[in-house]
Amino acid sequence: MELISGLPEDVARDCLNRVSYQQFAAVASVCKKWKTEIQSPEFRRRRRAIGKTQKIVVTVQSRIEPDKCGSGLLVKSTMNPVYRLSVLEPETGIWSELPVPPGFDGGLPVFCQLVGVGYDVVVMGGWDPDSWKPSNSVLIYNFMSGTWRCGTDIPGGARTFFACASDSDRTVYVAGGHDEEKNALKSAYAYDVPSDVWIPMPDMAIERDECKAILYHNDNGSDNSLCIIGGYCTEMQGQFERSAEVFDFATWKWGPMTDEFLDDAMCPRTCVNSGGDGEKRLYMCKGSDVVALMGSTWQTVGKVPSEIRNVACVGAWEGAVLLIGSSGMGNPYMGFVLDVKSGAWTKVLSPDSYTGHVQSGCFLEI
């Protein structure tokens, strides 16, 4: 059976390679051969080779009813948010919303963590929006099928404000955070998403609540490394570390701690890697500056737009940095993209329904 009747295989395959991610589920439902084709590992590699992968930022964002945005109820919706997943295509400015997970009509967990891996978005942990009870649940949305599934809970009981990162292929890493008694944690786990299996990792050297996880390729071409940045221990509530520690997958050990990884003791939540494939170029917001780690030095590459005082989400890819934030509580959230080379900012146009409070986000290239 031909992929597309009357077309050579290579031409038909090239047509499928150019399909938008929004049509993956529809294409997979046409026939078994199309489903097999677009779900193969080669499909993603071919899309990347011809420059047809699409960059998207998925955010945990409160739902806003456009006809109420000017009535003062924007503040009310910020105080009593109902969170959903919004999707932004930063290169086109197109916004959309993912389906609500079954059983979550009242909104996603507050403070849940979000990470992209392969064609999946993984939603982990958070607090129940009604009872405010912490959860260790795992929800997974797959762009290929357009459906949700439940994953195995995070081991070790409920944890909040933990770090998470992925290898962009199949594995998610979780580290630090705090337990239900607000004790900071130094435990870490690897989660194989396709097989739904959690694997314990060695403990970090110190407890790290509200830390940040970054995964990148090593300069020497060896396996990826997982870098856990900042955070604080139980006794130092809110007093952030400047240190970082790196996990070497080849030796399955944490390396020596870098005491002064950050210039200042600050929350590292805005720190991101610019490469979905693990390129080692880190960016973060430091006060009113956007800084990049160049060698061992953080250097300013731009100024945060004056319209943003509170940065909620940062995404980065080759030569560009996206900031999403607001000018203050109750005010609309907006996005800006920085061209790192020129230093110029471009505002992302957002429909009123996509200006609600943004809690967290993740970047995917699919």
Side-chain heavy-atom pair [X], [Y] within 4.5 angstrom cut-off:
X      : Y      : value
Trp254 : Asp203 : no
Tyr354 : Glu97  : yes
Thr171 : Ile199 : no
Ile214 : Ile229 : yes
Asn331 : Arg309 : no
Trp127 : Pro134 : yes
Phe104 : Leu139 : yes
Tyr119 : Gln39  : no

Taking all non-hydrogen atoms of both residues, which atom of [X] and which atom of [Y] are closest, and how far apart?
X      : Y      : result
Ala175 : Cys211 : O-SG, 3.7 Å
Gln54  : Ser20  : OE1-CA, 3.3 Å
Ile154 : Trp198 : CG1-CZ2, 3.7 Å
Ala316 : Val272 : CB-CG2, 3.8 Å
Asp153 : Ser137 : OD1-CA, 3.5 Å
Ala188 : Pro202 : CB-O, 4.3 Å

Quick check: is [Y] connected to [X] through a chain of hydrophobic side chains (ILVMFWY, heavy atoms under 4.5 Å apart)?
X      : Y      : value
Leu16  : Tyr21  : yes
Met201 : Val138 : no
Met284 : Val290 : no
Val314 : Leu293 : no
Leu322 : Phe363 : yes

CD1 of Ile4: more than 12 outside heavy atoms within 6.0 angstrom? yes

Can you tell me if Lys286 has over 12 outside heavy atoms packed within less than 6.0 Å of its NZ?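 Correct, the count exceeds 12.
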
Main-chain N/O of [Y] paired with [X] side-chain donor or acceptor, under 3.5 Å:
X      : Y      : value
Asp167 : Arg170 : yes
Trp34  : Leu3   : yes
Asp192 : Val197 : no
Ser326 : Gly328 : yes
Ser166 : Ser168 : yes
Arg47  : Val19  : yes
Arg208 : Gly230 : yes
Asn273 : Leu215 : yes
Gln359 : Val110 : no
Arg84  : Val100 : no

Determine, step by step, whether Arg242 and Asp264 satisfy the salt bridge (Lys or Arg N to Asp or Glu O under 4.0 Å) criterion, reporting the C-alpha distance in whole Å, the side-chain angles of both residues, the deciding distance to 0.1 Å, and the verdict. CA-CA 6 Å; Arg242 295 172 60 190; Asp264 298 303; 6.0 Å; no

Given the rule in the salt bridge (Lys or Arg N to Asp or Glu O under 4.0 Å) test, do Asp120 and Arg149 qualify, once you have shown the distances and angles that lead to the verdict? CA-CA 10 Å; Asp120 291 324; Arg149 68 183 188 273; 3.5 Å; yes

Checking side-chain contact (heavy atoms from CB on, under 4.5 Å) for the pair Phe24/Met144: CA distance, chi angles, key distance, verdict? CA-CA 5 Å; Phe24 284 166; Met144 278 292 177; 4.0 Å; yes

Atom [atom1] of [X] and atom [atom2] of [Y]: how far apart are they, to the nearest 0.5 Å?
X      : Y      : atom1 : atom2 : answer
Tyr141 : Trp148 : OH    : CH2   : 8.0 Å
Ile308 : Phe336 : CD1   : CZ    : 5.5 Å
Lys55  : Glu91  : NZ    : CD    : 4.5 Å
Thr234 : Leu185 : OG1   : CG    : 7.5 Å
Lys212 : Cys164 : NZ    : SG    : 7.0 Å
Ile140 : Thr147 : CD1   : OG1   : 10.5 Å

Hey, can you tell me if Trp252 and Phe249 have their rings parallel, tilted or perpendicular (30° and 60° cut-offs)?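 Rings of Trp252 and Phe249: tilted, as their planes differ by 30° to 60°.
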
In terms of the angle between their ring planes, are Phe261 and Trp298 parallel, tilted or perpendicular, with boundaries placed at 30° and 60°?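 Aromatic pair Phe261/Trp298 classed perpendicular.
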
Partner of His178 under ring pair (Phe, Tyr, Trp, His ring centres under 6.0 Å), picked from Phe162, Phe161, Tyr232, is Phe161

Show, in sequence, the C-alpha distance, side-chain angles and deciding distance for Met236 and Glu241, and conclude whether the side-chain contact (heavy atoms from CB on, under 4.5 Å) test is met. CA-CA 9 Å; Met236 301 294 288; Glu241 292 270 349; over 6 Å; no

Between the side chains of Trp95 and Ser86, is a donor N or O closer than 3.5 angstrom to an acceptor N or O?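 Checked: Trp95/Ser86 side chains show no N/O donor-acceptor pair below 3.5 Å.
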
If the test is side-chain contact (heavy atoms from CB on, under 4.5 Å), which one of Val123, Leu108, Val358 qualifies with Tyr83?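 It is Leu108; the other options fail the test.
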
Does Glu42 form a side-chain contact (heavy atoms from CB on, under 4.5 Å) with Arg45? I'd like the steps, not just the answer. CA-CA 5 Å; Glu42 291 76 19; Arg45 286 195 285 268; 3.3 Å; yes

Salt bridge check: are Glu37 and Arg13 linked by an N-O gap of less than 4.0 Å? yes

What's the verdict on side-chain contact (heavy atoms from CB on, under 4.5 Å) for Ile366 and Ile56, showing C-alpha distance, side-chain angles and the deciding distance? CA-CA 8 Å; Ile366 57 178; Ile56 61 173; 3.8 Å; yes

Apply salt bridge (Lys or Arg N to Asp or Glu O under 4.0 Å) to residues Glu307 and Lys347 and explain how you reach the verdict. CA-CA 10 Å; Glu307 294 93 331; Lys347 187 174 182 178; 5.6 Å; no

